[in-house]
Amino acid sequence: MITELGHFALILAFLIAIVQAVVPLIGAHKHWYGWMAVAEPAAKMQFLFTGFSFAALTHAFVTSDFSLRLVWLNSHSAKPMIYKISGVWGNHEGSMLLWVLILTLFGACAAWFGGNLPPSLRARVLAVQSAVAVAFFAFIIFTSNPFLRLAVPPFDGQDLNPLLQDPGLAFHPPFLYLGYVGLSMAFSFAVAALLEGRVDAAWARWVRPWTLAAWIFLSIGIGLGSWWAYYELGWGGFWFWDPVENASFMPWLLAAALLHSAIVVEKRESLKSWTILLAILAFGFSLIGTFIVRSGLLTSVHAFANDPERGVFILMILAFFTGGALILFAFRASAMEAKGVFSVVSRESALVTNNVLLAVACFVVFVGTLWPMIAEMFWDRKLSVGAPFFNMAFTPFMVLLGIILPIGSTLAWKRGNLGRAAYQMRYAFLLALSLALLVWVMQTGRSLMGPVGLFLGAWIVFGAAVDLFSRTGRGAGRFARLWRLPRADWGKAVSHSGLGVTMFGIAGLMAWQVEDIRVAQIGVPFEVAGYELELQDVRQVTGPNYLSTMGSVALRADGREIAVLNPEKRNYPVAQMPTTEAAIDYRFLRDVYVVIGDKQDGGGWTLRTYIKPLANWIWAGVLLMALGGTLSLSDRRYRVAAGVRNTRRKPVAAE
Amino acid sequence: MRGLALAVMLVLATPLFAVQPDEVLSDPVLEQRARDLSKGLRCLVCQNESIDESNASLARDLRILVRDRLVAGDSDEEAIAFIVERYGEYVLLQPTVTGSNWLLWAAGPLMLLLAGGIGATYLRRRADTPEPVQQALTEQEKTRLAEVLDDPH
């Protein structure tokens with residue numbers, strides 16, 4: 001019964017979305033306040049109905065209602081409860097429902113928190129947001145309905161893929177979708193501004209919090225996915241340049257560019273067209289990502305089950321919204337007049353450079369991801385574009401960005417002085433350089449990647465610290481003033497430092513990793529990179545829905561035992577799938593990563609040991625970036641709008 | 001979902017290891033060359049993995065093939081060419097520069113030049129534009145202002 005109500009609620013939400021997409025737009029065009037006012041209650045109702053629908057689906061999973069086809073395909077009565085819940089979005093239909101739930105959530109938030117927007121802009125934003133919702137509701141209801149029933153309910157389900165029965169992966173989709181779909185708000189704001197025919201500093205101030213929130217969630221989502229791959233996929237890789245990973249990375253790059261571009265629009269009223277374009281493209285790439293994952297066009301480790309009909313539907317949605325927005329952009333571009341004037345060396349131009357680098361990096365990833373398909377279509381060549389290409393093509397952009405970042409972020413607005421900025425950063429530069437040289441001397445005969453990564457990371461972190469400290473003015477009490485600096489300043493420093501930490505972590509891990517493969521006998525210790533490991537015993541263990549062969553490996557350093565690791569090989573009987581669970585000793589400076597293999601004739605077991613230095617710095621850096629974003633978001637200046645209800649001139653608030 | 005399950009099973013259904021101890025060559029230099037070459041070769045039955053990482057039996061066969069070629073005295077290029085001859089360029093994770101692939105490799109630098117050019121032009125233009133001068137109110141605007149200020153509503 002509840003499921004039926006959920007299904008009905010979904011259809012109601014669809015109908016409300018149609019109304020909300022049409023009526024406020026007409027109202028905004030004709031200045032009919034009554035029609036414009038339809039947007040807020042419609043947005044809230046849409047969210048409530050979709051929320052109920054999602055709750056109904058969750059209820060079906062939690063109670064293991066196998067008369068629902070989706071529950072039968074993706075769940076099992078013996079599955080632990082948390083995975084019954086996360087199984088709701090561990091499949092195509094359920095995850096689309098989550099997608100649309102978050103879409104309506106953002107719309108409802110715009111209705112709740114958007115009271116300081118001028119009515120016509122708010123009406124248009126909610127209408128565009130709702131138009132996107134209409135398209136996706138239609139997609140769900142007509143091609144991917146989660147509420148389809150089975151005529152004869154079976155006794156038990158087919159179990160969720162064991163790889164997905166994991167806490168990291170349970171939370172990875174919600175965060176990712178919060179990010180992807182959050183970018184739809186930036187898109188709605190951009191299209192609404194184009195429809196209004198006005199892009200100004202106040203608009204930028206309204207867009208920034210939404211984009212920042214989306215970017216924070218996307219960062220966490222990508223970080224979670226990468227961390228999950230690291231501990232789950234058995235050999236400790238954390239990024240594979242898989243099409244689905246790229247599909248999440250491209251919007252992240254563009255959202256970062258958008259964030260920085262919106263700063264210039266807000267402060268200097270320039271870069272308007274670039275910002276609008278970035279807002280459209282960022283969401284466009286979110287849609288492309290959805291398309292890549294669900295259409296079966298590209299082979300990938302984690303694509304959903306493919307269906308050409310669904311693929312075509314998403315492609316049409318993608319073409320309509322991105323294409324339509326770009327056409328609107330082409331027509332209205334002339335209405336966006338840049339007002340600010342700035343010299344070639346200034347913070348504005350540094351931010352333009354930042355935009356160029358991020359956007360071209362995103363383009364390179366895009367071309368690489370699609371190239372196999374293009375090559376096969378046009379030149380009949382079956383080829384692969386794998387990690388070596390992406391590493392070579394993408395890394396230079398990040399290196400350039402890293403070098404420019406500390407200087408660019410301290411340049412003055414309007415008329416900056418490179419010499420002055422460089423002089424200010426001299427100690428940071430020298431310190432970073434000396435650290436890198438020290439490390440280069442200490443590591444004999446290895447590649448340059450480690451020292452270069454250290455230099456970049458240290459340069460960015462020290463540069464951010466110097467920049468922050470320089471804002472405390474002169475004279476006594478500078479340290480006291482440091483704590484009283486606006487949160488946005490701290491957010492900037494922390495986020496940039498996070499980037500530096502991640503860069504160093506990645507470089508260090510790739511440069512200094514040690515691997516050891518051998519047949520280990522029980523009771524015979526062996527040495528890897530200064531650590532002593534001993535396989536103590538191997539036994540069979542039964543879990544809630546799996547059988548496991550668990551090894552017990554003692555890890556010793558300097559003769560003292562520091563950990564006992566339990567690598568496992570699991571078999572899930574219902575899904576008939578084996579998985580490896582690596583055992584990881586997480587430490588600040590390095591991880592020790594142990595994987596157990598098969599029993600060899602002769603009594604031993606294959607054991608693979610990795611020493612992974614700085615592995616946790618990668619995810620710590622991502623967390624720092626998200627923390628910095630949250631600090632910025634909590635800064636009150638963002639949430640107080642500039643120039644509330646004027647319809648003529650909008651004053652830019654004094655900083 | 002089914003596709004994903006199948007793909008993962010193909011990857012993991014065999015002994016849960018990439019390079020096995022019995023494949024490791026006794027000559028460390030050759031072994032290192034084999035590992036480096038393997039990292040650039042795609043596992044043909046997996047989804048986006050190199051033969052060095054994959055646990056599929058085909059990956060194991062290819063790893064042994066690479067090692068056999070190196071032990072037989074092939075150089076790196078010859079060993080790769082041997083494998084590409086039999087499996088096609090699909091097996092290379094790093095795409096060649098031949099034929100239409102130059103566009104793939106050039107796309108990044110070309111786009112950088114293009115975007116950089118647009119950016120530079122934009123910056124020049126902004127730098128050369130004179131600052132907008134604040135003008136006094138026109139007569140019309142003055143009367144309108146008076147109306148608004150005096151109007152009690």
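Here is the naming used below: chain letters follow the sequence lines, and residue numbers restart at 1 for every chain.
When all heavy atoms of B/Gly119 and A/Val352 are compared, the pair lying nearest together is CA-CG1, 4.3 Å. Heavy atoms only, all atoms of each residue included: B/Gly108 and A/Val364 are closest at CA-CG2, 3.3 Å. The shortest non-hydrogen separation linking A/Ile517 to B/Arg35 is CD1-NH1, 3.9 Å. Minimum interatomic distance between A/Ser343 and B/Ala127 (heavy atoms only, all atoms of both residues): CA-CB, 3.9 Å.
In this structure, chain B has a heavy atom under 4.5 Å from the side chain of A/Glu515, while its backbone stays farther away. With a 4.5 Å cut-off on non-hydrogen atoms, A/Leu357 touches chain B through its side chain but not through its backbone. Interface remark: A/Phe397 contributes side-chain atoms only to the contact with chain B (heavy atom separation under 4.5 Å). Residue B/Leu92 touches chain A through its backbone alone, counting heavy-atom pairs closer than 4.5 Å. In this structure, chain B has heavy atoms under 4.5 Å from both the backbone and the side chain of A/Val367. Contact annotation for B/Asn101: both backbone and side-chain heavy atoms come within less than 4.5 Å of a heavy atom of chain A. Looking at A/Trp274, only its side chain comes within 4.5 Å of chain B, counting heavy atoms on both sides. Within the 4.5 angstrom heavy-atom criterion, no atom of B/Ser50 approaches chain A.
No side-chain heavy atom of A/Phe363 sits less than 4.5 Å from a side-chain heavy atom of B/Leu112. Residues A/Val344 and B/Arg124 form a side-chain contact, since some pair of their non-hydrogen atoms from C-beta on lies under 4.5 Å apart.
Remark: the backbone N or O of A/Ser349 is not paired with any side-chain donor or acceptor of B/Tyr122 at under 3.5 angstrom.
The environment of A/Arg415 atom CZ is sparse: at most 12 non-hydrogen atoms of other residues, nucleotides or ligands sit within 6.0 angstrom. Heavy atoms of other residues, nucleotides or ligands lying less than 6.0 angstrom from CH2 of B/Trp102 number 12 at most.
Of the listed residues A/Asn355, A/Leu271, A/Asn391, the one with more heavy-atom pairs under 4.5 angstrom with chain B than any other is A/Leu271. Each of A/Ala393, A/Ser270, A/Pro388 has some count of heavy-atom pairs under 4.5 Å with chain B, and the biggest count is that of A/Pro388. Interface remark: of the candidates B/Pro95, B/Gly40, B/Ala115, B/Pro95 forms the most heavy-atom pairs closer than 4.5 Å to chain A.
To the nearest 0.5 Å, atom CZ of residue B/Arg126 and atom CZ of residue A/Arg268 are 9.0 Å apart. The CG atom of B/Leu123 lies 7.0 Å from the OG atom of A/Ser346; values are rounded to the nearest 0.5 Å. The distance from the CE atom of B/Met111 to the CZ atom of A/Phe366 is 10.5 Å, given to the nearest 0.5 Å. How far CH2 of A/Trp371 is from OG of B/Ser100: 5.5 Å, rounded to the nearest 0.5 Å.
Listed in order of number, the residues of residues 377-385 of chain A that approach chain B to under 4.5 Å between heavy atoms are A/Trp379, A/Arg381, A/Lys382, A/Leu383, A/Ser384, A/Val385.
A/Phe389 and B/Trp105 have perpendicular rings, their planes meeting at more than 60° on a 0 to 90° scale where under 30° would count as parallel.
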